[in-house]
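Inspection log for the structure reproduced underneath, given as C-alpha cells.
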There are 2 protein chains.
Amino acid sequence: MAQNSNGAGERTGAPARVRLVDVAKEAEVSKSLASRVLNDHPGLRARAEVRQRIHDAAERLGYRPHAAARGLTRADTGVLSLLIPDLTNAFFAGVIRGAVQRAMERDFTVFTSEDLVPRETAKTVERLVQTGRINGVMVASAQPRHPLVATLRTRGIPHVFVNRGVRGSGHNVILNEALASRAALTYLTELGHTRIAHVAGAGRLDSTRRLSAGFRKAAKELGLDDDLIVEGSLSEDGGAHAAASLLEQHPDVTAIFTAALVQAVGVMRMAYQHDLDVPSDLSVITADETPLAAFLSPALTTVQMPTEGLGAAAVDAVIEQILGGTSASRVLDYAPKVIERESTTAPR
Amino acid sequence: MAQNSNGAGERTGAPARVRLVDVAKEAEVSKSLASRVLNDHPGLRARAEVRQRIHDAAERLGYRPHAAARGLTRADTGVLSLLIPDLTNAFFAGVIRGAVQRAMERDFTVFTSEDLVPRETAKTVERLVQTGRINGVMVASAQPRHPLVATLRTRGIPHVFVNRGVRGSGHNVILNEALASRAALTYLTELGHTRIAHVAGAGRLDSTRRLSAGFRKAAKELGLDDDLIVEGSLSEDGGAHAAASLLEQHPDVTAIFTAALVQAVGVMRMAYQHDLDVPSDLSVITADETPLAAFLSPALTTVQMPTEGLGAAAVDAVIEQILGGTSASRVLDYAPKVIERESTTAPR
DNA sequence: CTGAAAGCGCTTACAG
DNA sequence: CTGAAAGCGCTTACAG
C-alpha cells in the first residue's frame, strides 16, 4: 500500500523502476549532468571523479533508461526490423543469428518477422514506423515490385536489402556468390573432375544470377568448359529436368553444381531413375547448406555461405543510415566453405 | 525550413507525425475526449455523432498513436517476446506464424528470437523488461533449470511456457500429444498393421513423454500390444539403435512410429542396412512434420501437429495475464493430421 | 459526462 | 561547463 519507492515491497510484484532522478540523487548531481555523463555526451568536461560517481550510482541501483521515455525525446528507438522470406530456411537462420548478435553488440534490438504476404508486410512496417516502434528495416525478402520497396523510399525510412538486392536502390548488402561457384569448381577440380555442369536458378532472383555468372567466369579461368549451364526452377522437378536435359546433351558430365538444395534432390532422383550412381557416376554439390542435407541419401555435399557475416553487415549498414551517414551498397567477400558429405567423390 | 506542420514539406524526408492534438482540433473536441473515444474508454457517453467525427478525423489524418508516448503513460507496450530453441525447426516456424497472426489480430506485436545461450537470453529478457520494451514473454525453449524460469517468476513478468511445460509453473500452454500417437496408430491400423512399435524420445522433454504415454494408452484401447516402446536419443543414431533392438526382440513388427524426424531417418537407415524395404517390409511414420520430409527417400509420412494453434493460444494466454486476468495452464486438443507420403503402406 | 492540468521518464536547448 | 526548465505525445485522476 505504501507508495514511496523506498523500503521496497518484496511482494508487490513488479519491482519499482529506478529512474534517472534516483541515480542523480544517489550521485548528488543534477539529472541533466547524470544524463549527459551516462550518454557520454560529446564535449563534456566533468571531473573524472564525478563521472565515476555517477556511473557507480547507476551501476549500484541497476539503472536502465526507460525505452519509451527515451524514444519520446530522441528520434531513435534502438529497434531494427528484419524481414525474412522463410523462417525454416537455414540460410536465413544464419542471417538472423548474425544480425541479432551484431545488434546486441551495438546496443540495438532486432525484431525478426516472416514476410508471408508482401502487401500486409508493407502495411505492418509502415505502422511500426509511424507508431515509432522501429527505426530501420532490413529486408531479406525483397522481390521485384515488392510494395515495401516503394514504402521505404517514399517515407524515408532507413533500410537495407539483404541478400536479394534491389537494382538501383543503393541500399544492397549482398554476398559475392561468385566465390561459392569458384569454391565448388575448385573442390571438384581437385577431386579430378573436368566435365562440370551447373544447374542454375531460373527467374529473377539476383543471388542465383550472380552464382551462375560466377560459375561461368570461374570455369573459364580454370580452363573448363564454361557453357555447361542449364536453368531450372527452384524445385525438385526443376533440378531433375535441368539435369536430364544436361546429361542428354553432355553425357560426359561427371559432376553437377546446383543453385538450390531442392534442385540437388531432383538431380539425385533423376540419377537414380537413369541408373546412375551418386557419387561414383555423378557427383552432386549445391550452394545451399542446411544440416538436413546430412539426412538425404546420399548425404549431400554443400557450399556454405557466410550467412552470419551477411546479417552482421546488414545491421551495420542500417545503423549507419540511422546515425545519419550515407549508405552505399556493399558486397561481402568472405570465403565460403565446402562441407563434404557423401554425394561427391573422384570421377572413375 | 518552414517549421509549421501544415503546408507539408514534400521533400523534408520524414513526413510530420500527426498527433492526438491534431485529431482533436480537426474534430473540434478536446484532446481528452479524443483519447477516450479512440481508446473506447468504458463508461463513455459521448454522442454518436461526436464519436463519428473523431473517428473520421483520425482516419482522414492517418493518426497513429505514438507507441513511446503511450508506453510512458500506460504500463503496456503492446510487445510480446517469443523465445524459440531453433529457428530452422518447422514445428516452431508454425508456432511463430500462429503467434504473429493472433497477436496482430489483438493489436499486439511479437518479437521472435532464438534462444541459443540460455544465460544470455535471460539477461536480454530482463533488460527488455526493465527498459520497458516488452510486456510479456512466451518461452518455447524452456528446459529444466533454464535461468529464465526463475527470472520470470521473481520479477513478476507475465509469461507462458509453450510446448515444453515447466512443472508446477501453472503457466504452460501445451499440445495434447497423445492425439498424435492416436492418429498414427489409427492410421496404421486402418492400413492393416497389427504389430506397431514406437521409438520414443529419451530424456526429459515433457512433450515426447506425453507422446509415448499417449501411444501406450491408445495401443491398449485399440487392442494392440502396448509394450512395443523403446527409447532413443533424438538423433539419427538414436533412431537406428532403438529400431535395431526393437526388431531384434520383435521381428514381427511391421510399422514404427517415431517421436522425431531424425529418428525416423535413423530407422530408415537401419532398415536399409538390414535389407528391409520401407515401406513394404516396414512402414515408418513420425510425429515431426516438415516440408523437407518429402525429399527423403522414401518420402516420409508424418503426423502434423497444430503448431499455429499453439502459437495463437500462447498469445492469448500471455495477454490474459497482462490484462490482469489469472492464467492457468492449458492443453490444446486440436486434431493432428496424417500427411501420407511414401514411407507407409499396408503390411504384406 | 467532459475539460484543464498534471505527469510518465527522459533529453536538450536556454540561460547562467 | 552545468543547472533549471521546457517539452516529447499520450492518458487519466481531478474538478467542474
Side-chain angles (χ1 to χ4, degrees), chain A residues 3 5 14-51 53-54 57-58 61-78 107 127 129-133 135, chain B residues 3 5 14-51 53-54 57-58 61-78 107 127 129-133 135:
Chain A
Q3 297 240 28
S5 49
R17 171 181 298 290
V18 11
R19 295 148 306 162
L20 181 62
V21 65
D22 300 318
V23 176
K25 267 186 200 139
E26 177 89 2
E28 300 182 309
V29 298
S30 71
K31 261 174 35 177
S32 319
L33 186 53
S35 171
R36 288 194 261 246
V37 166
L38 257 15
N39 288 307
D40 211 12
H41 201 88
L44 188 68
R45 226 176 287 182
R47 282 174 300 161
E49 188 254 320
V50 175
R51 306 171 92 105
R53 216 164 63 211
I54 295 174
L61 266 38
Y63 171 67
R64 300 284 180 194
H66 189 91
R70 177 172 277 182
L72 203 50
T73 41
R74 299 214 292 218
D76 92 287
T77 64
D107 227 17
R127 192 162 57 86
V129 171
Q130 286 179 349
T131 56
R133 277 185 211 284
N135 228 281
Chain B
Q3 297 242 29
S5 49
R17 172 180 297 290
V18 10
R19 296 148 306 161
L20 181 62
V21 65
D22 300 318
V23 175
K25 265 186 200 142
E26 176 89 3
E28 300 182 310
V29 297
S30 71
K31 260 172 39 174
S32 320
L33 186 53
S35 171
R36 289 195 259 248
V37 166
L38 258 15
N39 288 308
D40 211 10
H41 201 87
L44 187 69
R45 224 176 288 181
R47 281 174 302 160
E49 187 253 320
V50 175
R51 306 171 91 103
R53 216 165 60 210
I54 295 174
L61 266 37
Y63 172 65
R64 301 283 180 196
H66 189 90
R70 176 171 277 182
L72 202 51
T73 40
R74 301 212 292 218
D76 91 288
T77 64
D107 227 17
R127 191 162 58 87
V129 171
Q130 285 179 350
T131 56
R133 277 184 210 282
N135 228 279

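The basis for the numbers below is simple: all heavy atoms, side chains too, and nothing from hydrogens, waters or symmetry mates. We name chains A, B, ... by the order of the sequence lines, and we start the count at 1 in each one.
Closest of all the heavy-atom pairs between B:Tyr63 and B:Val18 is CD1-O, 3.4 Å. Between A:Val23 and A:Ala58 the shortest heavy-atom distance is CG1-N, 3.8 Å.
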All N/O contacts under 3.5 Å from nucleotides 7-11 of chain D to the protein, with atom names and distances to one decimal?
{"residue": "D:dG9", "atom": "N2", "partner": "B:Ala69", "partner atom": "O", "Å": "3.3"}
{"residue": "D:dC10", "atom": "OP1", "partner": "B:Tyr63", "partner atom": "OH", "Å": "2.8"}
{"residue": "D:dC10", "atom": "OP1", "partner": "B:His66", "partner atom": "N", "Å": "3.3"}
{"residue": "D:dC10", "atom": "OP2", "partner": "B:Leu20", "partner atom": "N", "Å": "2.4"}
{"residue": "D:dC10", "atom": "N4", "partner": "B:Lys31", "partner atom": "NZ", "Å": "3.2"}
{"residue": "D:dT11", "atom": "OP1", "partner": "B:Asn39", "partner atom": "ND2", "Å": "3.1"}
{"residue": "D:dT11", "atom": "OP1", "partner": "B:Arg70", "partner atom": "NE", "Å": "3.0"}
{"residue": "D:dT11", "atom": "OP1", "partner": "B:Arg70", "partner atom": "NH2", "Å": "2.9"}
{"residue": "D:dT11", "atom": "OP2", "partner": "B:Ser35", "partner atom": "OG", "Å": "2.7"}
{"residue": "D:dT11", "atom": "OP2", "partner": "B:Asn39", "partner atom": "ND2", "Å": "3.4"}
{"residue": "D:dT11", "atom": "O4'", "partner": "B:Thr73", "partner atom": "OG1", "Å": "3.3"}

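Sorted by residue number, the list of members of residues 23-30 of chain A with any non-hydrogen atom under 4.0 Å from DNA chain C is empty.
The CG atom of A:Leu20 sits 9.5 Å away from atom CZ of A:Arg70, with the distance rounded to the nearest 0.5 Å. Here the straight-line distance linking atom CG of A:Leu61 with atom CZ of A:Arg17 works out to 13.0 Å at 0.5 Å rounding.
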message: Please evaluate residues A:Val50 and A:Val37 with respect to the criterion side chain to side chain contact (heavy atoms under 4.5 Å, CB included), reporting the C-alpha separation (whole Å), side-chain torsions for both, the decisive distance (0.1 Å), and the verdict.
response: CA-CA 9 Å; A:Val50 175; A:Val37 166; 5.6 Å; no
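Side chain of A:Thr77 to backbone of A:Arg133: a donor-acceptor contact under 3.5 angstrom is found. Looking only at distances, a side-chain donor or acceptor of B:Arg53 sits under 3.5 Å from a matching main-chain atom of B:Ala27. At distances below 3.5 Å, not a single donor-acceptor pair connects side-chain atoms of B:Ser35 with backbone N or O atoms of B:Lys31.
Enclosure of atom CD in B:Glu28 is not indicated, since only 12 or fewer non-hydrogen atoms of other residues, nucleotides or ligands lie within 6.0 angstrom.
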field: Under the 3.5 Å Watson-Crick or G-U criterion, the dot-bracket string of DNA chain C, with | for inter-strand pairs
entry: |||.||||||||.|||
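At a threshold of 4.0 Å, the pair A:Arg19-A:Asp22 counts as salt-bridged, since one of the basic side-chain nitrogens sits closer than that to a carboxylate oxygen.
Atoms CZ (B:Arg51) and P (C:dC1) sit 10 Å apart, rounded to a whole Å.
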